[in-house]
2 protein chains.
Amino acid sequence: MSEIESDAPPPRRPTMKDVAREAGVSTSAVSFALNNRPGVSDSTRRRVIRVADRLGWRPSSAARALSGESAGAIGMVLARPADSLGGESFFLQLVSGIQASLAPRDQALVFQMVDDVQAECELYRRWWAEGRVDGVIVVDPRVSDPRPETLAVLGLPAVIIGGMEAPGNPDAPQLPRQARLSNIWADDSGAMDLIVRHLYGLGHRRIGHIAGTPGYAHTARRIASLRAAARRLGLEHAVSVTTDFTDRQGAKAARRLFSAPVPPTALICDNEVMAVAAVSVAAERGLLIPRDVSVVSWEDSVICHTLHPQLTALVRKADEFGGRAASQLLALLDGDAPRQLQDPLPRLQPRESTGAPPAQGFGSG
Amino acid sequence: MSEIESDAPPPRRPTMKDVAREAGVSTSAVSFALNNRPGVSDSTRRRVIRVADRLGWRPSSAARALSGESAGAIGMVLARPADSLGGESFFLQLVSGIQASLAPRDQALVFQMVDDVQAECELYRRWWAEGRVDGVIVVDPRVSDPRPETLAVLGLPAVIIGGMEAPGNPDAPQLPRQARLSNIWADDSGAMDLIVRHLYGLGHRRIGHIAGTPGYAHTARRIASLRAAARRLGLEHAVSVTTDFTDRQGAKAARRLFSAPVPPTALICDNEVMAVAAVSVAAERGLLIPRDVSVVSWEDSVICHTLHPQLTALVRKADEFGGRAASQLLALLDGDAPRQLQDPLPRLQPRESTGAPPAQGFGSG
DNA sequence: CGATTCAACTAAACCGCGTTACCATCAGCG
DNA sequence: CGCTGATGGTAACGCGGTTTAGTTGAATCG
């Protein structure tokens with residue numbers, strides 16, 4: 001019984017009442033003082049602030065949400081199977097950037113992973129009904145996507161990352177008036193041009209494209225952009241194969257492309273995981289990079305410049321992208337009008353994995 | 001003025017009052033009915049539930065937190081510079097596993113990234129004062145870590161992932177009684193044994209270790225474990241070099257080890273990013289893997305088996321790990337006593353990157 | 001000097017839920 | 001028939017903030 005029982009004061013979070021008592025004023029005065037509202041003298045304000053500081057007071061996010069209607073948090077949902085983002089660095093970087101924008105505003109990020117877009121819509125509905133978040137950031141928009149509609153109906157502010165290509169897209173469904181959806185889209189078409197021009201300049205005329213998941217808006221856009229570029233430049237072949245973004249399907253797609261009667265001399269891979277997989281398949285077949293085949297990764301990450309040969313990659317700063325999206329969302333929450341804005345064109349970083357094609361192409365000669 | 005203004009009812013989240021009115025009872029009755037408490041008849045209960053369902057009612061997380069003391073959310077902080085987790089798949093997998101455990105319990109995950117452990121402690125204090133989370137999951141414990149102390153003082157329940165090696169560690173500082181900290185630690189020592197025995201069995205006697213960030217508890221543990229194993233087996237050399245987990249420093253460490261008067265014949269790399277970097281440096285020097293040098297990655301991920309040669313790797317399922325941690329935290333929140341538990345020993349997956357050492361070792365002639 | 005105005009502050013209501021105390025109604029019982 | 005004890009329900013309060021309506025006391029003004 002010699003144990004020291006009271007080695008610390010019972011921890012209880014300080015409330016406004018504590019501050020009020022300590023400062024000798026009412027809780028209303030405390031509220032006025034701490035929120036920079038008129039109604040208290042300067043001296044009182046200072047005193048209250050000092051006391052609150054000393055006590056380590058922080059507004060209860062719950063109480064504030066209850067009266068002020070603001071949850072002080074924004075949400076982000078990832079509707080991809082976990083294994084499909086095994087090696088992808090994009091999302092972690094994106095989240096990192098979102099954080100950076102949110103932190104100064106004391107906004108928390110609520111993060112959740114679900115199985116599919118339906119579940120995501122359900123979650124939005126739940127978050128809305130629970131009043132858990134003030135707005136959300138939507139990623140991986142689909143070609144036919146129920147989420148904008150859902151969010152619009154709920155009146156939940158949102159920024160859609162990589163949404164509809166052009167502002168005023170006639171295909172975009174008409175959304176309810178209370179929609180508070182901003183859109184920040186990457187210029188996939190311009191980026192594809194960048195890549196194709198790079199390959200074309202090296203002499204490539206047959207390009208294979210290991211695309212992402214069918215149904216994703218950016219997958220569709222990239223495929224369309226490649227086709228358009230091919231037509232414009234008069235390429236012999238420009239074949240896109242869809243996958244699920246994993247190394248397995250990336251490898252499978254690469255095998256399929258390599259086995260075609262007229263195989264491509266260059267591959268564009270929609271993420272770095274599949275790019276590595278493609279390199280691996282090439283090695284398997286005894287193809288040298290870039291002598292026999294060139295490879296471009298649509299995403300730069302550590303492995304792209306760690307690997308040998310280093311991979312030519314599209315460098316888009318995911319963290320800055322996320323930061324801009326978060327800023328947009330905050331603006332939306334501040335009452336700004338929804339905006340459609342385009343992210344700056346990414347940069348193509350040529351490295352060792354792209355070069356001139358073989359004179360005859362392999363396999364067809 | 002011909003615009004249709006009222007294309008949707010003004011969205012307002014339904015409250016208990018709405019349900020009560022609709023069902024023709026008081027809000028208390030609704031509360032009883034929906035929380036499975038006695039005080040209402042079965043028929044009323046069913047009716048209320050039906051109405052609530054129809055209205056899409058969900059308890060306001062704020063209101064519930066305010067009265068019930070439970071925020072319905074748990075927190076996780078990452079105190080690593082964003083660039084140091086560029087290619088690492090560990091955390092995303094971990095988070096994915098945490099989610100899976102949390103989702104059925106309708107617990108949200110609040111996620112934040114900060115610069116250092118001090119900021120992390122600040123954030124814990126803030127979260128606690130704001131009542132934003134019910135508990136937290138702590139990762140990357142340090143050798144001398146202020147976080148357990150902070151959490152203990154606040155009385156904030158937490159599960160520390162990869163904490164103190166052995167339960168009852170005499171070095172562990174005495175924490176206040178109200179501490180509600182569980183600990184779930186990976187058996188780094190056992191895992192290191194697994195790797196060293198594998199290499200020893202192949203004939204290696206000089207092992208280099210590209211370790212993680214100095215100051216991280218698991219880095220220290222792995223270094224100590226390697227030293228112990230080396231002593232036990234009578235290895236010639238077992239040198240650990242610390243890094244910051246990035247490819248850059250991984251490569252630098254590899255160069256340093258390769259340039260030693262008596263270079264190692266095998267490398268153990270504390271994550272897959274540095275393993276790839278090491279492979280790259282080896283290639284740079286004209287060293288063939290595994291003929292001239294063997295490489296083991298302390299983490300399996302897509303690239304480990306996509307790369308050629310495929311990397312021998314330690315397979316520990318980060319998602320299951322995260323799931324267990326989350327379950328522990330939930331148990332803690334349910335009032336269970338804190339526990340110290342050890343994660344099952346990971347599995348070593350031998351692949352192409354490990355083999356017998358060169359007869360004389362390279363470079364030492 | 002009494003009426004008016006304003007600054008400074010307080011009391012009270014509210015947000016949406018959980019919870020406790022209380023209050024009808026009715027069956028069972030002596 | 002009056003008392004007891006369930007049963008099924010309601011009113012009221014608290015959580016920790018914000019906000020609105022009041023209430024002072026002192027300065028200003030006619």
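So that the names make sense, note that chain A is the first sequence line, chain B the second, and so on, each numbered from 1.
Nearest heavy-atom pair across Pro157(B) and Leu332(B) is CB-CD2, 4.2 Å. Taking each heavy atom of Gly56(B) and Pro14(B) in turn, the nearest pair found is O-CG, 3.8 Å.
A side-chain N or O of Ser41(A) and one of Thr44(A) form a donor-acceptor pair less than 3.5 Å apart.
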Working note: Met76(B) + Val136(B), criterion side-chain contact (heavy atoms from CB on, under 4.5 Å); need CA distance, chi angles, decisive distance, verdict. CA-CA 6 Å; Met76(B) 174 169 164; Val136(B) 298; over 6 Å; no
Can you list the steps and then say if Gln107(A) with Leu329(A) is a side-chain contact (heavy atoms from CB on, under 4.5 Å)? CA-CA 11 Å; Gln107(A) 289 272 337; Leu329(A) 185 52; over 6 Å; no
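Taking only side-chain atoms of Pro59(A), from C-beta outward, the nucleotide of dG17(D), dT19(C), dG18(C) with the closest atom is dG17(D). The nucleotide whose nearest atom lies closest to any side-chain atom of Thr15(A) is, among dG16(D), dT19(D), dT10(D), dG16(D). Here the nucleotide nearest the side chain of Val25(A), chosen from dT10(C), dG9(D), dT18(D), is dT10(C). In this structure, the nucleotide among dC9(C), dG17(D), dG14(D) sitting nearest to the side chain of Arg13(A) is dG17(D). Of the listed nucleotides (dG16(D), dC17(C), dT20(D)), dT20(D) has the atom at the smallest distance from the side chain of Phe32(A). Of the candidate nucleotides dG18(C), dT19(C), dC15(C), dC15(C) has the atom nearest to the side chain of Lys17(B). Side-chain proximity of Met16(B) to the nucleotides dG17(D), dG18(C), dG9(D) is greatest for dG18(C).
Between the C1' atom of dG18(C) and the CZ atom of Arg58(B) lies a distance of 17 Å, rounded to the nearest Å. Atom pair Asn36(A):CG and dG17(D):P shows a separation of 17 Å (rounding to whole Å applied). Counting to the nearest Å, the P atom of dG18(C) and the CD atom of Glu130(A) are 12 Å from each other. Atom P of nucleotide dC17(C) and atom CG of Leu66(A) are separated by 9 Å, given to the nearest angstrom. Atoms CZ (Arg132(A)) and C1' (dC17(C)) sit 14 Å apart, rounded to a whole Å. Distance CG (Leu34(A)) to C1' (dG16(D)): 13 Å, rounded to an integer number of Å. Residue Arg21(A) contributes atom CZ, which lies 13 Å from atom P of dG17(D) at whole-angstrom precision. Between Leu55(B) atom CG and dC17(C) atom C1' the separation is 16 Å, expressed in whole Å.
Side-chain atoms of Ser28(A) come within donor-acceptor range of the base of dA11(C), with a qualifying N/O pair under 3.5 Å. A donor and an acceptor atom never sit less than 3.5 Å apart when one is taken from the side chain of Ser26(B) and the other from the base of dA11(D).
Side-chain nitrogen and oxygen atoms of Arg47(B) include none within less than 4.0 Å of the OP1 or OP2 phosphate oxygen of dG8(D). Close to dT18(D), at under 4.0 Å from its OP1 or OP2, lies a side-chain N or O of Arg64(A). OP1 or OP2 of dT19(D) lies within a sub-4.0 Å distance of a side-chain N or O belonging to Arg37(A).
Nucleic acid contact for Arg45(A): none, since no nucleic acid atom lies under 4.0 Å from a heavy atom of the residue. Within the nucleic acid shown, Ser41(A) comes within 4.0 Å of sugar-phosphate atoms alone, with no base atom in reach, counting heavy atoms only. At the heavy-atom level, Ser60(A) lies under 4.0 Å from the strands shown only through sugar-phosphate atoms. At a threshold of 4.0 angstrom between heavy atoms, the contacts of Thr27(B) with the nucleic acid are absent.
Where Trp57(A) and Asp42(B) meet DNA chain D, the nucleotide closest to each residue was compared, and Asp42(B) sits on the side nearer the 5' end.
Around CZ of Arg37(A), the count of heavy atoms belonging to other residues, nucleotides or ligands within 6.0 Å does not exceed 12.
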